[in-house]
A.B. asks: 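My structure is below; once you've seen it, I'll send some questions.
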Protein chains: 2
Amino acid sequence: MGRNKAFNRDQAVDSVMHLIWSQGYQNCSVKAVSEMLGITRSSFYHSFGSMESLFIEVLKRYYIHSPFCAFDQINEQSDILKEICTVFQNICVARVTDKEAKGCLMINSIIELVGSNDILSPPLSSSVDAVLTRFKRLLNAANMHGNFSDNDIDQKALALLNLLIGINVSGKFIKDYEQLWSSTRLSLQSLGVYNTDYNMT
Amino acid sequence: MGRNKAFNRDQAVDSVMHLIWSQGYQNCSVKAVSEMLGITRSSFYHSFGSMESLFIEVLKRYYIHSPFCAFDQINEQSDILKEICTVFQNICVARVTDKEAKGCLMINSIIELVGSNDILSPPLSSSVDAVLTRFKRLLNAANMHGNFSDNDIDQKALALLNLLIGINVSGKFIKDYEQLWSSTRLSLQSLGVYNTDYNMT
DNA sequence: CAAGTAATGTACACATGTGTACAATATATG
DNA sequence: CATATATTGTACACATGTGTACATTACTTG
């Protein structure tokens, strides 16, 4: 019942995602976003409530397209370590390919907002916490012979997260795939995740 | 000759540094900064020209207090690898200690500005490039027996930079020193930089 | 087709922000 | 102490930004 929306919500969230991704959250005003969507601020508030709540919606949508998400789809019956390496490699490709050098929306937002925005810090922190938990689970599953203690795995999971963050930021100024991937591969190999047999170039 | 400044320039740059550090560059308006300094915008433009040029001044000042700077002060006659580890350890302490979770101004700014701000991207990119060059130099100097090729060293230098970036961002949500440092130590150890003999806790 | 309702638009009343021209002020040096 | 000059303040003319109250639209269901 009632009037139809003048815009497609999914499409709107998607374009707002790209705007925030390339300009940063703080740089996206309700005015600018509304104008981009072709609606009035009044409609904006009516439909989305606030920028904060829209951003939380954006974050959920982003996650589906994010580097992080690929880790969720790794089949635990497969060669887990190799799959992890493949995801890292894909991230290198994505970062080097993006001419806008946008980096990763989630990581960008963490740096921009965690510690200063009380509403958005919790969802951002918990997103990244989920990735850490995911890494732990994958490393545990790959730990066939139980060679590593829980402590080892926790440390290694955080080391992988640090690497993930690092390459997403380095990709902003290192635009040579070979350079980015070979150092990522070295890190993965050092941590015992990459195996030279994988032969990934 | 002429009238005296109503403020101390060094002190002003320092407080602007802290403001940008905690709120981000884009969130610091000329209006807000001028009011903080107790001067009019007119005086601001007269003294600093623009926010961009002030920020470049801030960056130079920050570098002196930055984690990066410590790498410049490593004596190449000493145990270079151990010194590198000590700097990384100090960064872990600094990040965990900071209750504001500000992270590293330089890394924050890179994420915020590289790719979108044409004036500030170059100085930011070259700052981080200097760190990378520094890592290469240190690793070369530590490469006593010439075991590693130039290629190896380039990859390892970038791996160290990725790690540096990673912990500076992770420090935003990981507030437990033991957790942050032990995983950093693991990464350093994997890369052959940390040696268990160092016995750092 | 009428009525209820959801979405949209208009308008208000501010606050914040930019950059500059011109006037006022203070100070060091001749 | 007068003057040149660096610094500061005032005022303008905008642009952008926020959030809401109230009126207006258009659509759907009974």
Side-chain angles (χ1 to χ4, degrees), chain A residues 1-59 61 108-109 112-113 116-121, chain B residues 1-59 61 108-109 112-113 116-121:
Chain A
M1 219 168 187
R3 189 171 170 170
N4 284 343
K5 276 197 167 74
F7 63 96
N8 177 284
R9 192 185 179 98
D10 278 357
Q11 217 169 293
V13 172
D14 195 69
S15 46
V16 172
M17 177 180 88
H18 281 95
L19 194 69
I20 296 179
W21 198 354
S22 63
Q23 310 203 332
Y25 176 78
Q26 320 241 39
N27 228 26
C28 293
S29 63
V30 172
K31 177 172 157 56
V33 167
S34 301
E35 281 169 359
M36 182 190 68
L37 297 178
I39 59 177
T40 59
R41 277 178 298 130
S42 180
S43 286
F44 174 92
Y45 286 114
H46 184 83
S47 295
F48 302 109
S50 67
M51 266 304 264
E52 281 88 2
S53 59
L54 173 54
F55 183 68
I56 290 172
E57 210 169 316
V58 163
L59 261 187
R61 184 184 183 83
N108 295 353
S109 303
E112 190 181 356
L113 301 168
S116 64
N117 186 310
D118 293 338
I119 297 171
L120 298 174
S121 290
Chain B
M1 220 171 186
R3 188 169 170 171
N4 285 342
K5 275 199 167 73
F7 62 96
N8 178 283
R9 191 183 180 98
D10 278 358
Q11 216 169 294
V13 172
D14 194 70
S15 45
V16 172
M17 177 181 88
H18 281 94
L19 194 69
I20 296 178
W21 199 353
S22 62
Q23 310 205 331
Y25 176 78
Q26 320 241 40
N27 227 27
C28 292
S29 63
V30 172
K31 178 172 157 56
V33 167
S34 301
E35 282 170 359
M36 182 189 67
L37 296 178
I39 61 177
T40 59
R41 276 179 299 130
S42 180
S43 286
F44 175 92
Y45 286 114
H46 184 84
S47 296
F48 302 110
S50 66
M51 265 304 264
E52 281 88 3
S53 59
L54 173 53
F55 183 68
I56 290 171
E57 209 169 316
V58 163
L59 260 187
R61 184 182 182 83
N108 295 353
S109 302
E112 189 182 355
L113 301 168
S116 64
N117 185 311
D118 293 338
I119 298 172
L120 297 175
S121 290

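Chain letters run A, B, ... following the sequence lines, proteins first, then strands; residues in each count from 1.
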A.B. asks: Check the phosphate of D/dT28 against A/N4, side-chain N and O only, distance under 4.0 Å to OP1 or OP2. Yes or no?
C.D. replies: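 So the side-chain polar atoms of A/N4 do come within 4.0 Å of the phosphate oxygens OP1 or OP2 of D/dT28, strictly under.
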
A.B. asks: When you measure from the side chain of A/S116 to the backbone of A/L113, do you find a donor-acceptor pair of N or O atoms at a distance under 3.5 Å?
C.D. replies: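 Yes, A/S116 side chain to A/L113 backbone: donor-acceptor pair under 3.5 Å.
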
A.B. asks: Kindly compute the distance separating CZ (A/R41) from NZ (A/K31), expressed to the nearest 0.5 Å.
C.D. replies: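 Here the rounded value is 7.5 Å.
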
A.B. asks: Measure CZ/A/F44 against P/C/dA6 and give the value in whole Å, please.
C.D. replies: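 A/F44 atom CZ is separated from C/dA6 atom P by 20 Å.
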
A.B. asks: Rounded to whole angstrom units, what separation is found between the CG atom of A/N8 and the P atom of C/dT8?
C.D. replies: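 One finds 12 Å between P of C/dT8 and CG of A/N8, rounded.
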
A.B. asks: Send over the distance from A/L37 CG to C/dG9 P, rounded to a whole Å.
C.D. replies: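 Taking CG of A/L37 and P of C/dG9, I get 12 Å after rounding.
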
A.B. asks: What I want to check is whether an N or O donor and acceptor connect the side chain of B/R41 with the base of C/dG17 at under 3.5 Å.
C.D. replies: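 In this structure, the two groups form no donor-acceptor pair.
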
A.B. asks: Give the rounded distance in Å between these two atoms: CZ of B/F48 and P of C/dG19.
C.D. replies: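 The distance from CZ of B/F48 to P of C/dG19 comes to 15 Å, rounded to the nearest Å.
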
A.B. asks: Can you measure A/E52 atom CD to D/dG19 atom C1' for me and round it to whole angstrom units?
C.D. replies: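 Rounded to the whole Å, the gap is 13 Å.
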
A.B. asks: Does C/dT8 have its OP1 or OP2 closer than 4.0 Å to a side-chain nitrogen or oxygen of A/S47?
C.D. replies: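 Result: yes.
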
A.B. asks: Taking the side chain from A/S22 and the backbone from A/H18, do they hold a donor-acceptor pair closer than 3.5 Å?
C.D. replies: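 Yes.
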
A.B. asks: Looking at CG of A/L120 and CD of A/E112, how far apart are the two atoms once the value is rounded to the nearest 0.5 Å?
C.D. replies: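 If we round to the nearest 0.5 Å, A/L120:CG and A/E112:CD are 9.5 Å apart.
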
A.B. asks: Counting any heavy atom closer than 4.0 Å, what does A/F7 reach on the DNA or RNA strands: base, sugar-phosphate only, or nothing?
C.D. replies: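 Sugar-phosphate, no base atom in range.
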
A.B. asks: Side chain of A/Y45 only, heavy atoms from C-beta on: which candidate in C/dG9, C/dG19, D/dT18 is closest?
C.D. replies: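 Closest nucleotide to the A/Y45 side chain: D/dT18.
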
A.B. asks: Determine, step by step, whether A/Y25 and A/E52 satisfy the side-chain contact (heavy atoms from CB on, under 4.5 Å) criterion, reporting the C-alpha distance in whole Å, the side-chain angles of both residues, the deciding distance to 0.1 Å, and the verdict.
C.D. replies: CA-CA 9 Å; A/Y25 176 78; A/E52 281 88 2; 3.7 Å; yes

A.B. asks: Please list, by residue number, the residues of residues 22-36 of chain B whose heavy atoms come closer than 4.0 Å to an atom of DNA chain C; answer none if no residue qualifies.
C.D. replies: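 Contacts with DNA chain C under 4.0 Å: B/S29, B/V30, B/K31.
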
A.B. asks: Quick one: which of C/dG19, D/dT7, C/dA7 gets closest to the side chain of B/H46?
C.D. replies: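 From the listed options, D/dT7 comes nearest.
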
A.B. asks: Let me know the distance between CD1 of B/I39 and P of D/dT8, rounded to the nearest Å.
C.D. replies: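 Roughly 7 Å, once rounded to whole Å.
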
A.B. asks: A/S53 side chain to A/S50 main-chain N or O, any donor-acceptor pair under 3.5 Å?
C.D. replies: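 Side chain of A/S53 to backbone of A/S50: a pair is present.
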
A.B. asks: Under a 4.0 Å threshold between the charged nitrogen and the carboxylate oxygen, would A/R9 count as salt-bridged to A/E57?
C.D. replies: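 Counted as a salt bridge, because a side-chain N and a carboxylate O are separated by less than 4.0 Å.
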
